Amino acid sequence: MSVFDVLKKRGFVYQSTDETEIRELLDGERATVYVGYDPTAESLHAGNLVTIMMLAHLQRAGHRPIGLVGGGTALVGDPSGRTEMRKMLTPEQIDSNLAGIRNQLAQFIEFDDSDSGALIVNNADWLTKLNYIEFLRDIGRYFAVNQMIKAKGYAERLEREQGLSFIEFNYQILQAYDYLLLHQKYGCRLQMGGADQWGNIVAGCDLVRRVAGVGAHAITVELITTSTGEKMGKTAAGALWLSPERTPVYDFYQYWRNVDDRDIGRFAKILTFIDLDEIEELGRIEGKSVDEINAAKETLAVAITTLVHGEEAAMKARDSARAMFGGGGDLSNAPTTEIGLERLAGGISVVELLVETGLLPSRKEARRKIDEKGIYLNDGIVTDARRVLTNDDFAAGHAVLRVGKKSRHRLLAV
RNA sequence: GCAGGGGUGGUCGAGUGGUUAAUGGCACCGGGCUGUAAACCCGGCAGGCGACAGCCUUACGUAGGUUCGAAUCCUACCCCCUGCACCA
């Protein structure tokens with residue numbers, strides 16, 4: 001099966017330029033393809049996994065992926081969307097972010113010297129060297145303003161009289177230039193990205209065609225949302241990061257372990273390499289027992305977590321989760337706070353500990369949760385806000401504090 | 001620069017001198033039902049103290065002022081949006 005069809009079947013293709021030509025390109029000798037990423041943080045997030053997986057599929061099919069980091073554009077600050085200007089970053093920050101992003105991409109694609117070895121590039125390398133006059137003369141001539149303002153994003157902004165800064169307007173041209181440059185330098189002929197990038201991407205296709213006289217292509221993915229309408233990977237705390245420092249592996253695992261029943265198959269297609277046939281079965285809900293559905297979610301969570309954090313970490317996360325919800329079991333991965341024996345001798349209030357362990361943000365909230373019957377000590381409900389912990393509560397040298405069903409904290413007497 | 005509109009709790013958004021920690025939605029948290037799902041129901045959602053009846057402190061862009069009393073009125077300043085002007 002053509003890789004392009006693989007992408008289609010897995011749900012990656014929302015819009016594309018001519019399918020026949022893309023197929024031809026991808027079924028032929030090594031092609032070079034690229035995706036752009038923002039260097040605004042030192043870590044990518046779950047949303048980025050979608051295009052990363054596309055790169056990975058293509059590399060597996062023998063093509064060369066390029067991860068382009070928008071360091072140059074980040075130097076300008078991009079006000080796309082209606083929120084404020086994206087914060088401008090220093091070159092140092094961008095470099096360090098780029099290194100972080102490269103490491104994360106390396107989990108999915110090989111950066112070796114082979115023909116299909118991946119590359120990571122920073123558009124600051126060429127954008128910062130541009131000469132305005134030359135750029136206008138050589139590149140600007142290919143852009144027709146009346147065509148540009150018809151682009152969906154721009155047209156909306158103009159209609160709403162919402163203001164469209166010159167920087168934002170130029171963004172498309174810079175991005176198109178990136179494509180051209182990658183084409184000239186690496187023979188890149190396919191760019192992929194989010195559906196919101198469609199206009200920018202096809203502007204690049206046009207530019208390549210006009211300047212180089214070669215067909216260049218585009219594939220965009222739709223924004224992936226959950227069945228409840230949220231952006232995939234969005235949590236109360238913000239984004240679901242790939243970096244374990246920003247999102248602990250356990251939390252990352254739990255996010256996927258708890259997806260809506262209806263999302264199992266869809267997410268598995270996009271975020272794992274599990275066979276399509278297998279996914280078909282995995283994602284089926286009707287007629288399945290509760291255990292089977294839960295097992296499917298576990299499979300999904302393990303697969304994604306393994307890709308991002310490696311097998312060992314994924315297994316640990318799975319085991320911790322099993323222990324947590326299966327009762328008893330292995331608590332070695334639960335967050336832990338050490339309590340001095342001498343302090344314990346005097347007794348410590350549960351309220352105080354709830355705050356100290358970070359389980360709850362304030363003493364007031366702790367009292368409230370006790371009132372709401374949401375606090376447990378060693379699996380026994382705490383009913384009195386004045387409850388004090390003493391040595392007697394530490395069975396084998398430890399005690400477990402719990403808020404609700406999902407957050408636990410281990411207290412270790414030392 | 002001129003004119004108009006606006007800045008309210010995580011977010012959206014009411015309120016426009018006085019029972020107000022500030023209606024409501026969303027998000028979030030606890031409980032119930034369950035399957036660590038969805039939907040639904042109940043409760044909570046500034047902080048501190050508490051004998052749980054309450055008490056105290058801090059909050060409506062920032063700083064002052066008027067008033068017995070202000071998120072609400074006045075003054076100055078900051079920021080955002082819209083229009084006009086300036087802009088070669």
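All heavy atoms count here, side chains included; hydrogens, waters and symmetry mates do not. Because the structure is a prediction, the values reported are computed rather than measured.
Taking 4.5 Å as the limit, every side-chain heavy atom of A/Ile304 sits out of range of all side-chain heavy atoms of A/Tyr255. No side-chain heavy atom of A/Leu389 sits under 4.5 Å from any side-chain heavy atom of A/Ile339. The closest side-chain heavy-atom distance from A/Lys8 to A/Glu19 is below 4.5 Å.
In this structure, of B/G35, B/G47, B/U36, it is B/G47 that holds the atom nearest to the side chain of A/Ser362. Out of B/G30, B/A39, B/A37, the shortest distance to the side chain of A/Thr228 is found at B/A39. Comparing atom distances between the A/Glu372 side chain and each of B/G30, B/G35, B/U36 picks out B/G30 as nearest.
Remark: the separation of the C1' atoms in B/U20 and B/G15 is 11 Å, to the nearest Å. The separation of B/C42 from B/A27, taken at their P atoms, amounts to 15 Å, rounded to a whole angstrom. When the C1' atom is used for both B/G32 and B/A39, the distance is 14 Å, rounded to whole Å. Across the P atoms, B/U72 and B/G7 are found 12 Å apart, a figure rounded to whole Å. Taking atom C1' in both B/C26 and B/A14, the straight-line distance is 15 Å, to the nearest Å. Across B/U16 and B/G54, the matching P atoms stand 29 Å from one another, rounded to whole Å. Comparing the P positions of B/C60 and B/C55 gives a spacing of 23 Å, expressed to the nearest Å. A gap of 26 Å separates the P atoms of B/G18 and B/C12, to the nearest Å.
Using a 4.0 Å heavy-atom cutoff across all strands shown, A/Arg368 reaches sugar-phosphate atoms only and no base atom. Residue contacts for A/Asp260: at a heavy-atom cut-off of 4.0 Å it reaches the sugar-phosphate backbone alone, with no base atom in range. Residue A/Ser289 is classed as having no contact, given no heavy-atom separation below 4.0 Å to the nucleic acid. Within the nucleic acid shown, A/Lys405 comes within 4.0 Å of at least one base atom, counting heavy atoms only.
One atom, CD of A/Glu230, and another, P of B/A38, lie 12 Å apart when rounded to the nearest Å. If you take CG of A/Leu360 and P of B/G47, they are 11 Å apart, rounded to a whole angstrom. Computed from coordinates, the A/Lys234 NZ to B/G10 P distance equals 15 Å when rounded to whole Å. A/Tyr255 places its OH atom 14 Å from the P atom of B/A37, with the value rounded to the nearest Å. The nearest whole Å value for the distance from the CG atom in A/Asp261 to the P atom in B/U36 is 12 Å. Distance CD1 (A/Ile370) to P (B/G44): 18 Å, rounded to an integer number of Å. To the nearest angstrom, P of B/U34 lies 20 Å from CD1 of A/Ile285. Between the CZ atom of A/Arg262 and the C1' atom of B/A37 there is a distance of 9 Å, given to the nearest Å.
In this entry B/G50 has no Watson-Crick or G-U wobble partner, no candidate having both defining distances under 3.5 Å. The partner of B/U67, taking Watson-Crick or G-U wobble pairs whose two distances both stay under 3.5 Å, does not exist in any strand shown. B/A39: no Watson-Crick or G-U partner with both key distances under 3.5 Å is found in any strand. Remark: B/G83 base-pairs with B/C2; criterion is Watson-Crick or G-U wobble with both hydrogen-bond distances under 3.5 Å.
By the side chain to side chain donor-acceptor pair (under 3.5 Å) test, A/Thr220 is found to be paired with A/Gln15, residues two or more places apart in sequence or in another chain being considered.
In B/U20 the base sits syn relative to the sugar, since the glycosidic angle is no further than 90° from 0.
With A/Leu49 as reference, A/Leu271 is the one residue of A/Leu271, A/Leu307, A/Ile270 to meet the side chain to side chain contact (heavy atoms under 4.5 Å, CB included) rule.
Between A/Tyr253 and A/Tyr376, the residue anchored closer to the 5' end of RNA chain B is A/Tyr376, taking for each the nucleotide with the nearest heavy atom. Residue order along RNA chain B, read from the 5' end via each residue's closest nucleotide, puts A/Arg318 first among A/Val355 and A/Arg318.
Cation-pi contact between A/Arg257 and A/Phe325: absent, since separation from the ring centre below 6.0 Å together with deviation from the ring axis within 45° is not met. A cation-pi geometry, defined here as NZ or CZ lying under 6.0 Å from the six-membered ring centre and within 45° of its normal, does not hold between A/Arg23 and A/Phe4.
Here A/Arg266 does not pair with A/Glu222 in a salt bridge; the nearest charged N to carboxylate O distance is not below 4.0 Å.
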Please list, for nucleotides 50-57 of chain B, all pairs of protein and nucleotide N/O atoms separated by less than 3.5 Å.
residue	atom	partner	partner atom	Å
B/G50	OP2	A/Arg367	NH2	2.7

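Between the side chain of A/Asn378 and the backbone N or O of A/Asp393, at least one donor-acceptor pair lies under 3.5 Å.
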